[in-house]
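Scroll down for the structure; my scribbles are underneath it.
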Amino acid sequence: MSADERWTGGEMLAVAGSLQVQDGDVAVVGLGLPQMAALLAQRTHAPSARLLLEIGVFEPMPTEPSAGIADPRMWRGATAFGTTLEVLGVMVHGGRVSLGLLGALQVDPWGSFNTTEVEEADGSRRRFRGSGGGNDISSNAGRIVIVMTHQARKFAETLTFLTSPGRQVGGRSRADLGLPGEGTCAVVTDRAVIAFGPDGAALESVHPGEHPDAVLADTPIPLAVPHGGTKETPAPTARQLAFIRNELDPKGWYTS
Amino acid sequence: MSADERWTGGEMLAVAGSLQVQDGDVAVVGLGLPQMAALLAQRTHAPSARLLLEIGVFEPMPTEPSAGIADPRMWRGATAFGTTLEVLGVMVHGGRVSLGLLGALQVDPWGSFNTTEVEEADGSRRRFRGSGGGNDISSNAGRIVIVMTHQARKFAETLTFLTSPGRQVGGRSRADLGLPGEGTCAVVTDRAVIAFGPDGAALESVHPGEHPDAVLADTPIPLAVPHGGTKETPAPTARQLAFIRNELDPKGWYTS
Amino acid sequence: MSTRPDRVVSLHELAAGIPDGSHVALAGFAITRNAVAFAHELIRAGTVGLSVTQVFGGIETDLLVAGGAVDRLTYASGSLDRFGLLHAVNRALQTGRLELSEYSGLALALRLHAGGLGLPFVTTRSMLGSDLLAPLVAAGQVKQIESPFDGAPCLALPPLRPDFSVIHVDVADRAGNAVVDGPLWSIPETARASKVVLLVSEEIVDVGELDPSRVTIPGSLVHAVTHVPRGGHPTAVYGRYDYDAGHLRSYVAAASAGAEEHDAYLDRFVRGVSTFDEYLALAAA
Amino acid sequence: MSTRPDRVVSLHELAAGIPDGSHVALAGFAITRNAVAFAHELIRAGTVGLSVTQVFGGIETDLLVAGGAVDRLTYASGSLDRFGLLHAVNRALQTGRLELSEYSGLALALRLHAGGLGLPFVTTRSMLGSDLLAPLVAAGQVKQIESPFDGAPCLALPPLRPDFSVIHVDVADRAGNAVVDGPLWSIPETARASKVVLLVSEEIVDVGELDPSRVTIPGSLVHAVTHVPRGGHPTAVYGRYDYDAGHLRSYVAAASAGAEEHDAYLDRFVRGVSTFDEYLALAAA
């Protein structure tokens, strides 16, 4: 879904997600759209951002699309292979990772999120992947960016399962819980960028063609309007779109 | 020094030490005579004994003499190289090592020993190597054999420094201290084999040409006579001596 | 002269050595380097009541759960990457047929690490504040403590020591010294933690042919090794073969359709053959 | 396109980046793989007040102590194997000029391991009942605790995070990804624990020339690398060169004769030259 026919929602999401990556970031990335966003950033404005994969891969520079972090295509160009204890332990828990770029099933008003299971309409629970390294990354990295498609049911006051802590949990700050890092600083969707700060969430920007009110209506958590108002997310450039379409995701696995 | 001119004291020591190695032992060995004893056992009665070196070497089968465990000659034939955390951690602390074969400066009545420093006649302390992995091995391996030359000053009621715990420390058993394994089961010297058990030390055997009373006089810790009396240590065989002289220590670095 | 042990056995012997009710650690990761040949053989052996530990669950665990071999699962996550979820695992968790202990990836790797080194316990900050914590605390698998040095809140986790681990490696010598190429995720920790380490290897060579600097799992830790070329199919083995996307898609189609359809897959591809080579031929057909 | 950092610097720059009073971890082992070229350069730079951590002390630490650069030592042992003891270290300990924190090999490696992983603390059974324990407890570097799971007595040790580590490696690429051949003792833990990782390498290659499966220290951890062939002399570097027995013997003869004789060695071989190549030529003469 996209409000602009020149790009898909997935393409817009990858581009908006990529803008959250700063040059020099050391980033651990999850499967799917987070991969796309990180790789796009590396090819454009953040050439010295370095990627890590919890499977034990240092600084890959893949040149073709992959089916996930366990797909050897995603490891191409890596400078070193190692263990989970080196990536989630030394790099993440050891405080050397500035950014976690992750997917989520559900996000709460403080940026805590769920990758474990969702509740169906009949009250039954449907299980997904679980934490993997997601909890470790959100507990220990400098800042967290969540990349996911925008659906109202993905924003909830109370999560079905709190896999990963955000800026606070149950009224307790990260510092009080014993956690380093800022926690979630942004949720990037195919419609908007929601910024998270110490006071909660704000509608930072909506993507071209979206109206803030429509996004707010589909985002059932408290959302402030930032100082200066909600902006429009920069539109994808031709260069960004070309990278996505020609190199990163030519088959549209993630961005179609 | 040897009481028999057909072999040196060092050769007798290496042979008597080797007899403490059982076929099937997984043994961590220290620098010098312990190396000799372990390699001799491997070449004779304990072909399936496996050696480990705390530097991170698995199952070496060296074919020439070496200057110690940091000498690459000692690593020849190794099947795997790894880390200290793998040898002292996984193998030793993890309970997978049946035998530690180590040198000592000083031994007490319960087989605790010192590899750190000795007191000089003027009361000053003279420092040696320290623990290295010796404390880890004596704290965690199944049983410990100490290999050292026999001098009265090396046996003491109270150690200058207790680097490695034996069967008990300060009246507290290993189990009470929180330590697994038996602790020291033998001190092998160039004159005798002293066995250590739950009740203390006993003069198990004296080497050919030695008289038990002379050894007792030079061993100033309580020494029981074992049930059946003190035996004579088996004399080195021609095969054992040939291995030492032709292969393990042709230059007599350790056994001359 | 000293001797080297010969630890080579058949796949049948390797699987037959695992009693019902054992705690088995697996070390595949999603669609990479799964011990699929072993999982098939264990299903054919009719082994039941297993407790399975796998840090990042993959198809090997999904197969064993679908085959009714597993009563209890300890993991941090599971998926087949873009191909889908672990449907048998998720179904068994949703129906309560499978008992679950769930950790973060690092926390579970640390429990295995502590098991390997015989550490009294390990500590971490991961999982603080998350919903992973309460069930683990209730089960006595985690304690909330404070650092005795600075009073900081943290978690203590006890060592984990599975009875067996089964690991798919690239090359092993006959004494079990094994090389794993590519990323290692929790493979070393899984091997070190386990009381008995079993290897399934793409290649077997004589002792002395491997560069000891390249050995990932020392033979000193290994009890048996078996030779199964392409034994990871349909998952990828780095530098040797790709995952079989078509087979993974048909697997997920069957697994996601329901327990009966998943069982039909097992009837055809696992119980319907007697060796992994037969399965490979069938899968290639 | 994304870029790879270039971390190659001169030995002079590498040593000059270490301020007086820093905590420097070294990773040689007795007569193997010591960062001797670095130790020489640091002595020439006149750096003082260092705290040095080295699990298994070797000639690099003995040189630095002899050169007056070190005020505090944290180690588990030190020797030059059959060639002798660390005479400068032992002399400084005996005179009280050098402050000592002494551990078992595993306990110190575990402190570095915890430092690398950011673990709140680590636990062990090693050192229980030994004389190593009391001074460490008195200094607050070890706590005697009980396991919260089974009540077993054990020790808690805090993470150790040196400011710098300096490691002699075989091959590094320009971004600092480094291969160490042969046994690794505490090299990985030392690198991971340190805030700044500096490498001295026998060879330097371009990024992309190393097999990532062979990389021991990922460039992600490394701040700078310098090229010094034979930089470990007179210690051995596995697969490249043997220790120089004659030089080690003359070193120990000087070092054991007394502080003056040891200083004369430094005047001749360290302060009397301006580059490591000059030292190598002098040592070969």
Side-chain angles (χ1 to χ4, degrees), chain B residues 31-32 53-57 66-73 75 78 81-89 92-93 112 114-117 124-140 159-166 168-170 172 174 176-180 253-254, chain D residues 28-33 55-58 75-83 85-86 89-91 93-94 100 102-110 113 124-132 146-147 152-155 181-189 235-239 242-243 245 248:
Chain B
L31 162 70
L53 306 176
E54 66 191 60
I55 196 168
V57 175
S66 63
I69 61 172
D71 182 343
R73 288 165 189 77
W75 315 336
F81 293 138
T83 63
T84 290
L85 278 194
E86 285 181 77
V87 175
L88 294 182
V92 172
H93 202 274
S112 294
N114 172 9
T115 59
T116 302
E117 57 186 8
S124 69
R125 295 201 162 195
R126 190 164 158 233
R127 196 167 172 89
F128 284 81
R129 290 193 166 78
S131 160
N135 171 276
D136 305 301
I137 297 162
S138 59
S139 297
N140 294 287
L159 302 172
T160 308
F161 192 98
L162 196 160
T163 318
S164 289
Q168 55 172 262
V169 175
R172 296 180 68 194
R174 289 179 72 89
D176 190 30
L177 290 166
L179 297 175
W253 285 353
Y254 302 104
Chain D
F29 190 124
I31 55 169
T32 277
R33 200 182 281 286
V55 180
F56 303 100
Y75 85 159
S77 66
S79 88
L80 300 177
D81 268 1
R82 202 179 72 84
F83 295 96
L85 300 170
L86 301 187
V89 166
N90 286 1
R91 200 153 41 226
L93 290 174
Q94 283 156 204
L100 178 67
E102 190 176 9
Y103 292 82
S104 76
L106 178 63
L108 186 50
L110 284 172
H113 167 78
T124 181
R125 284 182 303 272
S126 286
M127 307 199 299
L128 284 166
S130 78
D131 284 348
L132 293 161
E146 290 179 356
S147 161
C154 61
L155 300 178
D181 246 324
L184 298 174
W185 55 98
S186 54
I187 289 171
E189 287 69 33
T235 66
V237 172
Y238 173 74
D242 198 6
Y243 51 81
L248 283 171

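All figures in this text were calculated on a predicted structure; none of them were measured in a lab. Within every chain, numbering begins at 1; the chains are lettered A, B, ... in the order of the sequence lines, protein sequences first and strands thereafter.
- Between the Thr32(D) side chain and the Ala70(B) main chain, a donor and an acceptor come within less than 3.5 Å of each other.
- Both the backbone and the side chain of Arg129(B) come within less than 4.5 Å of a heavy atom of chain D.
- Residues Thr84(B) and Phe56(D) have side chains in contact (heavy-atom distance under 4.5 Å, counting atoms from C-beta outward).
- Between Arg73(B) and Asp242(D) there is a salt bridge, with a side-chain nitrogen of the basic residue lying less than 4.0 Å from a carboxylate oxygen of the acidic one.
- To the nearest 0.5 Å, atoms CZ (Phe29(D)) and CD1 (Ile55(B)) are separated by 4.5 Å.
- When every heavy atom of Asp81(D) is checked against every heavy atom of Ala67(B), the shortest pair comes out as CB-O, 2.9 Å.
- Side-chain contact check for Ser126(D) and Asn140(B): at least one donor-acceptor pair (N or O, by modelled atom type) lies under 3.5 Å.
- Smallest separation of non-hydrogen atoms from Pro153(D) and Gly178(B): CG-CA, 3.7 Å.
- Here the closest non-hydrogen pair linking Leu85(B) and Leu106(D) is CD2-CD1, 3.6 Å.
- Contact count against chain B (heavy-atom pairs under 4.5 Å) is highest for Gly129(D) among Ala30(D), Gly129(D), Gly58(D).
- A distance of 3.5 Å separates OH of Tyr238(D) from CZ of Phe81(B), quoted to the nearest 0.5 Å.
- For Thr235(D), the side chain to side chain contact (heavy atoms under 4.5 Å, CB included) partners two or more places apart in sequence, or in a different chain, are Asn34(D), Val36(D), Ile59(D).
- In this structure, chain D has a heavy atom under 4.5 Å from the side chain of Ser139(B), while its backbone stays farther away.
- With a 4.5 Å cut-off on non-hydrogen atoms, Ala236(D) touches chain B through its side chain but not through its backbone.
- Of the listed residues Arg125(B), Glu117(B), Arg174(B), the one with more heavy-atom pairs under 4.5 angstrom with chain D than any other is Arg125(B).
- In terms of non-hydrogen atom pairs under 4.5 Å with chain B, the most contact-rich of Ser186(D), Gly239(D), Gly182(D) is Gly182(D).
- The closest side-chain heavy-atom distance from Trp185(D) to Glu86(B) is not below 4.5 Å.
- Distance check, rounded to the nearest 0.5 Å: CG of Leu93(D) to CZ of Arg126(B) gives 14.0 Å.
- Chosen from Gly132(B), Ser124(B), Ser138(B), Gly130(B), the residue pairing most often with chain D at heavy-atom distances under 4.5 Å is Gly132(B).
- Top candidate by heavy-atom pairs under 4.5 Å with chain B, chosen from Leu86(D), Thr124(D), Leu110(D), is Thr124(D).
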### Task
Could you check Ser131(B) against Leu132(D) for side chain to side chain contact (heavy atoms under 4.5 Å, CB included), going step by step and ending with a plain yes or no?
CA-CA 9 Å; Ser131(B) 160; Leu132(D) 293 161; 4.1 Å; yes

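- Between His93(B) atom NE2 and Ser104(D) atom OG the span is 8.0 Å, to the nearest 0.5 Å.
- Contacts between Asp176(B) and chain D at a heavy-atom distance below 4.5 Å involve the backbone alone (N, CA, C, O).
- Between the side chain of Asp136(B) and the backbone N or O of Gly105(D), at least one donor-acceptor pair lies under 3.5 Å.
- Within the 4.5 angstrom heavy-atom criterion, only backbone atoms of Tyr103(D) (N, CA, C, O) approach chain B.
- Interface remark: Leu85(D) contributes side-chain atoms only to the contact with chain B (heavy atom separation under 4.5 Å).
- With a 4.5 angstrom heavy-atom cutoff, Ala245(D) does not touch chain B via any of its atoms.
- One distance of note links CG of Asp131(D) with OG1 of Thr116(B); it measures 8.5 Å at 0.5 Å rounding.
- For chain B, no part of Leu155(D) is nearby; none of its heavy atoms comes within less than 4.5 Å.
- From Asn135(B), atom CG reaches atom OG of Ser130(D) across 4.5 Å, with rounding to the nearest 0.5 Å.
- Residue Ile69(B) touches chain D through both its backbone and its side chain, counting heavy-atom pairs closer than 4.5 Å.
- Every residue meeting the side chain to side chain contact (heavy atoms under 4.5 Å, CB included) condition with Leu177(B), not counting sequence neighbours, appears here in chain and number order: Val169(B), Arg172(B), Leu179(B).
- Note: Gly82(B) leads Pro165(B), Gly32(B), Gly82(B), Gly56(B) in heavy-atom pairs under 4.5 Å with chain D.
- Side-chain N or O atoms of Gln94(D) include one that pairs as donor or acceptor with a backbone N or O of Arg127(B) at under 3.5 Å.
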